[in-house]
Amino acid sequence: MKAAVCPKYGPPDVVRVQELPAPPLGAGQVRVRVGAAAVNFPDVLLVADRYQINVPVPFVPGSEFAGVVTEVAGDTEGFTVGDRVTGTGMFGAFAEQVCIPAAGLARIPDGVDDRTAAAFGVAHRTAYHALRSVARIEPGDDVIVLGAGGGVGLAAVQLGVALGARVTAVASSDEKLSAAAGYGAAALVNHTSGDLRATLREALPDGAHAVLDPVGGELSEPALRTLRRGGRFVTIGYASGTIPRIPLNLVLVKGIHILGFQFQDIAPDEFARNEAELRELLATGTVRPHIGAVYPLAETAAALQQVADGDAIGKVVIDLT
């Protein structure tokens, strides 16, 4: 099979497409012929060996995919050959075939194509669980979304609007903000155009109820300062490459809650509820991922580079059909 391989750690251009043996099917696993895979920022970090966990080289990067079941281990229940599925794992998705435990798979709703299914996974699940169970937004809340043109950010704009929030989108270009406006953002802020704190104060004179931050860096503190008393600041990641240092006196004086997002921290009953609600949003077409670029497998390095450079709008997808 053809696969994108990271033979050594480094920038995206170390990744090469080559022929590999098909992965062995283990107990409890399902083999999937991959139709599409989506690129996430952690894929870039794993290739560079800058993620919180290490994957020994050589390895096939890629954490989310969609395709068709072609083989099922004898002891595996729940899936049969021909099922259309989407799945997530730490690596292995940028290949024509992937073998994954059945627990990591879900059926693709009728009417949803492979590209859409692949792009809807990590970013939308991250954004929805963060909004619903960590930020705990309610209809009418004001929510600031940093990095609103990226995968998680644009998903948070879409889902925040779907949950009834008034979303202020913060991004680095008018093109990204235009995409956020198309998904219902009520206010648009280009953080490269001036003083972010002053601009947010003007947009939200009464302050925001919540901030979702997948970016970090110099954007975090101005956004945090815009929170109203008792507001929630949810840190999701550091796409800027810089982990911010927050003055704790702001937390004390304003009674702010600073919260980190991890899937494993969501209570099981809330996790199940969120997943069901999110699946319904996809199945009904209420929310669909914004796919800003599509690459063939042969150009996986370029797809990774676009995400690494912060130029992606919404999701970047690799088509393996």
Side-chain angles (χ1 to χ4, degrees), residues 11 40-54 122-123 126-127 129-131 133-137 141-157 160 167-173 176-177 187 189-266 307-312:
N40 294 290
F41 192 68
D43 300 328
V44 175
L45 298 180
L46 282 172
V47 168
D49 196 25
R50 292 173 49 215
Y51 200 51
Q52 56 256 43
I53 67 167
N54 165 273
V122 173
T126 296
H129 286 285
L131 287 164
S133 290
V134 185
R136 299 196 178 280
I137 67 162
D141 281 357
D142 277 296
V143 178
I144 296 171
V145 176
L146 303 181
V152 172
L154 196 51
V157 171
V167 176
T168 295
V170 179
S172 61
S173 73
K176 291 179 179 180
L177 291 172
V189 177
N190 186 328
H191 66 78
T192 69
S193 299
D195 186 326
L196 177 58
R197 180 183 178 188
T199 306
L200 287 174
R201 283 289 188 191
E202 183 177 353
L204 298 163
D206 295 325
H209 295 86
V211 172
L212 261 67
D213 181 10
V215 179
E218 62 184 12
L219 304 184
S220 300
E221 185 178 332
L224 183 143
R225 288 181 179 274
T226 310
L227 283 169
R228 61 180 62 194
R229 182 166 186 81
R232 292 172 175 260
F233 184 98
V234 183
T235 178
I236 297 172
Y238 311 103
S240 67
T242 302
I243 299 173
R245 296 176 180 270
I246 299 297
L248 287 179
N249 63 304
L250 297 177
V251 180
L252 175 66
V253 171
K254 301 184 72 171
I256 291 167
H257 303 270
I258 297 181
L259 303 157
F261 169 79
Q262 294 286 344
F263 282 112
Q264 62 264 32
D265 294 333
I266 307 299
V307 172
D309 291 341
D311 294 335

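Hydrogens, waters and symmetry mates are skipped; everything else that's a heavy atom, side chains included, is used. Everything numeric here is computed off the predicted structure, so don't read it as measured data.
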Backbone of V253 reached by a side-chain donor or acceptor of R229 within 3.5 Å: yes
Please tell me if the side chains of I144 and V189 come closer than 4.5 Å, counting only heavy atoms from C-beta onward. no
Please tabulate, for the side chains in residues 245-252, all donor-acceptor contacts under 3.5 angstrom to protein atoms that are two or more places apart in sequence or on a different chain.
none

Rounded to the nearest 0.5 angstrom, the NE2-OG1 distance for H191 and T199 is 11.5 Å
I'd like to check Y51 versus V44 (side-chain heavy atoms, cut-off strictly below 4.5 Å). Are they in contact? no
Would you say T242's side chain and Y238's backbone share a donor-acceptor pair under 3.5 angstrom? no
With heavy-atom distances below 4.5 Å as the criterion, would you say the side chains of T226 and V211 are in contact? no
With sequence neighbours excluded, tell me which residues meet salt bridge (charged side-chain N to carboxylate O under 4.0 Å, His left out) with R225. E221
Hey, could you give me the CG/CG distance between L146 and L219, rounded to the nearest 0.5 Å? 5.5 Å
If you round to the nearest 0.5 Å, how far is CZ of R201 from CG of L196? 11.5 Å
Across all chains, not counting sequence neighbours, the salt bridge (charged side-chain N to carboxylate O under 4.0 Å, His left out) partners of R136 are E270
Can you find a heavy atom in the side chain of H209 that is under 4.5 Å from one in the side chain of I137? no
From L204 atom CG to L227 atom CG, the distance as rounded to the nearest 0.5 Å: 9.5 Å
Determine whether a donor-acceptor pair (N or O, by modelled atom type, separation under 3.5 Å) exists between the side chain of T168 and the backbone of A187. no
From the options L212, T235, L259, I236, select the one residue that forms a side-chain contact (heavy atoms from CB on, under 4.5 Å) with V134. L259
Look at the side chain of N40 and the backbone N and O of D43, then say whether any donor-acceptor pair between them is shorter than 3.5 Å. no
Hey, what's the ring geometry for H129 with F261, parallel, tilted or perpendicular (30° and 60° as the breaks)? parallel
